[in-house]
Chemist: 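Quick one: structure below, then a few questions.
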Amino acid sequence: MSFWGDIMLVGHKTYQRQNLLLVFFVFSLILIMMMARLGYLMIYRADYYGVMAKELHERERAIKAERGKILDRNGNLLAGNVSVSTISVIHSQIEDPEKVISILSSELGIEADIIRKKVEKVSSREKIKSNVEKEISDKIRSYRLAGVTVDEDYKRYYEYGSLASKVLGFTGGDNQGIIGLEVSYEKYLKGIDGSILTMTTAGGTEIKNGAEDRVEPVAGWTLTTSLDLNVMKYANQVAYTLLEQKQAKTVEILIMNPQNGEIYAMVNAPEFDLNNPYELNGGSDGLSEKEKMERLNNQWRNLAVSDTYEPGSTFKVITTAAALEKGVVTMNDNFSCPGYKIVEDRRIRCHKTTGHGAQTFLQAIGNSCNPVFMEVGARVGVDGMFEEMKRFGVLAKTGIDVPGEAGTIMHKKENVGAVELATMSFGQSFQLSPIRMLTTVSSIINGGKSITPHFGVTAESSDGTAMKKFSYGDGSTILSEEKSKQICEALGKVVTDGGGKKAAVDGYVVGAKTGTSQKLPRGNGKYIASCIGFAPVDHPEVIAMVRIDEPQGLYYGGTIAAPAISSIYTNILPYLLED
């Protein structure tokens, strides 16, 4: 070998050693980094990855909490629960797919192909059916089918079907409130779900006799309301009688304590079956899904709260209070009614076209004389009328504890001229909700204190360790006691000597004001008849409103709504006012 050959050989060996050293260095560095990472994960992240590993080998199943009950003021159950089950399948645990498909299809009444798709789907859990009756779920459980789970659940049940349906509301498939009190008091009623954590293999199969972690559910709170089952039944009966006899579109009846705003009954006939809320009254044949949903929304609508209407002559109670408060009239002031009143270029007539002649303001209240009230409204003036309506709460919502309350639809003050003021004074050309109207009249006749209408009284935890008493404020003074008493006495004379005679009840002194308003557009022949009545006159403890929408035949409030007040009070006053 030549000299240069020896030099090249030595250089080649040196290069190999350097490469080996580099490879060794890189390998050592990687090994050190991996060991450092492993040490970090094992020491500093041990808790985190321990939890992850545990979760990988656990399957969580919810234990549904029982929804809180809804009671009337006497403890009668209005809304409760029945035990049902949710049937599911776990793909990795099924041992005999055909048997599972056959039995579930037969017992649940579901097509086999639908169940097959869920059985064959590779997932941790597939729900087959919810709200399965206990008898059926117990039978499925008895088959002991591998991969089939039967989880306990609850379904809302309404003891009296359609009674107070639009007040109570109902729940959806997840047991969450959808309308009514079920929504308003959701935070108290819903409860807290529990869970079962079951150990599984890496493949997702539950380990037999494996340890389970169980978190018990917490039941929802019991809601006690101001509703009174007996009063509701009487009111419901009267409403449906009117609905049938007068072939009316709807009938609303509200009964309340005017002293504190507790609502004893709120009927919106026709009601709907709370246990089958998606079933349309009258059926759904031939309807598209969109049409069906629109009708359902209308069917669920609480018209006593969410609807507005022209109150007609019942609003004269408010005009009277405004005039007395402003000091522009006394009960003994004299007026004359020729049967009409000329306001600017309008001739606005009285319901008695021949006129009432000479009368005092007290007599005009009993006669429900439009020309007199137009004169009184003019004395109050636009500014005065808006000031008093604001004081009486007419322009604001009541704050009732069910969703969907409608606001008052009123003229803008700057747009109110003599004609608008005249029609406003006897309850036309604007709209408000029935609950707003009843609440304002309550505040006027209860001694002059504002109130908040409501249903919720208390909520109590399922174990009885905690209670929430709902508060609605002390109320502000909107009218003096003296003027409140004057109005009560005047409305008492409406029943004894005026147009509300048919609201009278033997053995009780009742005050009332009737109303009849024509629906828009004028001249369409459609009316709303109403009456507001309270008792006893000297210290009102019960107030009620009857509103009949589009009655056929006779449509005057004094003719068809006042007798309904009498019928209701004949049944409930001995019960509510007993010593």
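Treat the numbers as computed from the prediction; the structure is a model and nothing was measured.
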Chemist: Pick from I560, L242, I528: which one makes a side-chain contact (heavy atoms from CB on, under 4.5 Å) with P551?
Modeler: I560
Chemist: Can a donor-acceptor pair be found, under 3.5 Å and without considering hydrogens, that links the side chain of Y143 to the backbone of L104?
Modeler: no
Chemist: Got I94 and I90 here, is their nearest side-chain heavy-atom distance under 4.5 Å?
Modeler: no
Chemist: Does CD belonging to E294 count more than 12 external heavy atoms closer than 6.0 Å?
Modeler: yes
Chemist: When you look at CG of D474, are more than 12 heavy atoms from neighbouring residues, nucleotides or ligands closer to it than 6.0 Å?
Modeler: no
Chemist: Step through the shown structure and confirm whether more than 12 heavy atoms of other residues, nucleotides or ligands are within 6.0 Å of CD on E481.
Modeler: no
Chemist: Roughly how far, to the nearest 0.5 Å, is the NE2 atom of H454 from the OG atom of S226?
Modeler: 5.5 Å
Chemist: Would the number of heavy atoms belonging to other residues, nucleotides or ligands and lying under 6.0 Å from NZ of K485 be above 12?
Modeler: no
Chemist: Taking it one step at a time, do Y188 and K468 satisfy side chain to side chain contact (heavy atoms under 4.5 Å, CB included)?
Modeler: CA-CA 10 Å; Y188 295 99; K468 164 75 173 177; 3.8 Å; yes
Chemist: Counting only heavy atoms not in E152 (residues, nucleotides, ligands), do more than 12 fall under 6.0 Å from its CD?
Modeler: yes
Chemist: Judged by modelled atom types alone, do Y240 and E271 share a side-chain donor-acceptor pair under 3.5 Å?
Modeler: no
Chemist: Indicate yes or no: does D228 engage R73 in a salt bridge with an N to O separation below 4.0 Å.
Modeler: yes
Chemist: Measuring from atom OG of S442 to atom CD1 of I435, what distance do you get when rounded to the nearest 0.5 angstrom?
Modeler: 8.0 Å
Chemist: Of all the heavy-atom pairs spanning A79 and L77, show the shortest one and how long it is.
Modeler: O-CD1, 3.3 Å
Chemist: Minimum heavy-atom separation for L227 and M232, please, with both atom names.
Modeler: CD2-SD, 3.8 Å
Chemist: So, E405 side chain and V402 main chain: donor-acceptor pair closer than 3.5 Å or not?
Modeler: no
Chemist: Could you tell me if the side chain of I565 sits less than 4.5 Å from the side chain of K502, heavy atoms only?
Modeler: no
Chemist: Among all residues two or more places apart in sequence or in another chain, which pass the side-chain contact (heavy atoms from CB on, under 4.5 Å) test with S471?
Modeler: none
Chemist: Would a distance-only check, ignoring hydrogens and angles, find a side-chain to backbone donor-acceptor pair under 3.5 Å from S184 to L181?
Modeler: no
Chemist: Looking at Y185 versus F470, is the centre-to-centre ring distance below 6.0 Å?
Modeler: yes
Chemist: Is it the case that N131 and D153 place a side-chain donor and acceptor less than 3.5 Å from each other?
Modeler: no
Chemist: For the aromatic rings, using the six-membered ring if either is Trp, is the centroid distance between F455 and Y264 under 6.0 Å?
Modeler: no
Chemist: What heavy-atom pair brings C531 and A512 nearest, and what distance separates the two atoms?
Modeler: SG-CB, 4.2 Å
Chemist: Just by distance, do the side chain of Q259 and the backbone of P540 share a donor-acceptor pair under 3.5 Å?
Modeler: yes
Chemist: Check side chain to side chain donor-acceptor pair (under 3.5 Å) between K134 and all other residues, then give those that pass, not counting sequence neighbours.
Modeler: D138
Chemist: With rounding to the nearest 0.5 Å, note down the distance linking CG in D193 to CD in E66.
Modeler: 12.0 Å
Chemist: Less than 4.5 Å apart, side chain to side chain, heavy atoms only: is that true for L229 and L163?
Modeler: yes
Chemist: For E135, I'd like to know if atom CD has over 12 heavy atoms of other residues, nucleotides or ligands within 6.0 Å.
Modeler: no
Chemist: Under 3.5 Å, is there a donor-acceptor pair between the side chain of H91 and the main chain of V119?
Modeler: yes
Chemist: Keeping the roles fixed (side chain from K292, backbone from S284), state whether a donor-acceptor pair exists under 3.5 Å.
Modeler: no
Chemist: Can you tell me how far apart OG1 (T250) and CG (D307) are? Round to the nearest 0.5 Å.
Modeler: 7.5 Å
Chemist: Could you check if a side-chain atom of V441 sits within less than 4.5 angstrom of a side-chain atom of I543, using non-hydrogen atoms only?
Modeler: yes
Chemist: Pairing donors with acceptors under 3.5 angstrom, does anything connect the side chains of R156 and N81?
Modeler: yes
Chemist: Evaluate D538 against V509 for side chain to side chain contact (heavy atoms under 4.5 Å, CB included), listing each step before the verdict.
Modeler: CA-CA 8 Å; D538 60 350; V509 183; over 6 Å; no
Chemist: Among K127, R125, K129, exactly one meets salt bridge (Lys or Arg N to Asp or Glu O under 4.0 Å) together with D151. Which residue is that?
Modeler: R125
Chemist: Report yes or no: do Y575 and N230 form a side-chain donor-acceptor pair below 3.5 Å?
Modeler: yes
Chemist: Is it true that atom CZ of R391 has more than 12 heavy atoms of other residues, nucleotides or ligands lying nearer than 6.0 Å?
Modeler: yes
Chemist: Which pair of non-hydrogen atoms, one from T408 and one from V394, has the smallest distance, and what is that distance?
Modeler: OG1-O, 2.6 Å
Chemist: Can you find a heavy atom in the side chain of I178 that is under 4.5 Å from one in the side chain of T171?
Modeler: no
Chemist: Could you check if a side-chain atom of E541 sits within less than 4.5 angstrom of a side-chain atom of L577, using non-hydrogen atoms only?
Modeler: yes
Chemist: So which heavy atom on P277 is nearest to which on L296, and how close?
Modeler: O-CD2, 3.7 Å
Chemist: Would S88 and E126 count as having a side-chain donor-acceptor pair, cut-off 3.5 Å?
Modeler: no
Chemist: With a 4.0 Å cut-off on N to O distance, would you call D549 and K246 a salt bridge?
Modeler: no
Chemist: Would a distance-only check, ignoring hydrogens and angles, find a side-chain to backbone donor-acceptor pair under 3.5 Å from N446 to G448?
Modeler: yes
Chemist: Less than 4.5 Å apart, any side-chain heavy atom of V251 and any of V267?
Modeler: no
Chemist: Under the criterion side-chain hydrogen bond (donor to acceptor under 3.5 Å, both in side chains), I'd like the reasoning laid out for S443 against K449: C-alpha separation, chi angles, the key distance, then a yes or no.
Modeler: CA-CA 5 Å; S443 297; K449 296 288 185 182; over 6 Å; no
Chemist: Quick one: does S530's side chain have a donor or acceptor within less than 3.5 Å of a partner on R547's backbone?
Modeler: no
Chemist: Within the 4.5 Å heavy-atom criterion, are R295 and L287 side-chain neighbours or not?
Modeler: yes
Chemist: As an exercise, state the distance from OH of Y278 to CE of M293, rounded to the nearest 0.5 Å.
Modeler: 6.0 Å
Chemist: Go through the side-chain N and O atoms of T439 and T398 and say whether any donor and acceptor fall under 3.5 Å apart.
Modeler: no
Chemist: Would you check if the side chain of N268 reaches a backbone N or O of L303 as a donor-acceptor pair within less than 3.5 Å?
Modeler: yes
Chemist: So, T314 side chain and K513 main chain: donor-acceptor pair closer than 3.5 Å or not?
Modeler: no
Chemist: The test is side-chain hydrogen bond (donor to acceptor under 3.5 Å, both in side chains); show your working for S450 and S476 and say whether it passes.
Modeler: CA-CA 5 Å; S450 65; S476 58; 3.2 Å; yes
Chemist: Looking only at the side chains, is there a donor atom on one of T440 and R436 sitting less than 3.5 Å from an acceptor on the other?
Modeler: yes
Chemist: Any salt bridge linking E186 with R67? Criterion: basic side-chain nitrogen under 4.0 Å from a carboxylate oxygen.
Modeler: yes
Chemist: For residues Y158 and F170, report the shortest heavy-atom separation together with the two atoms involved.
Modeler: OH-CA, 3.0 Å
Chemist: Just verifying a value: how many Å separate Q93 CD and L145 CG, rounded to the nearest 0.5 Å?
Modeler: 12.5 Å
Chemist: More than 12 heavy atoms of other residues, nucleotides or ligands under 6.0 Å from NZ of K118: yes or no?
Modeler: yes
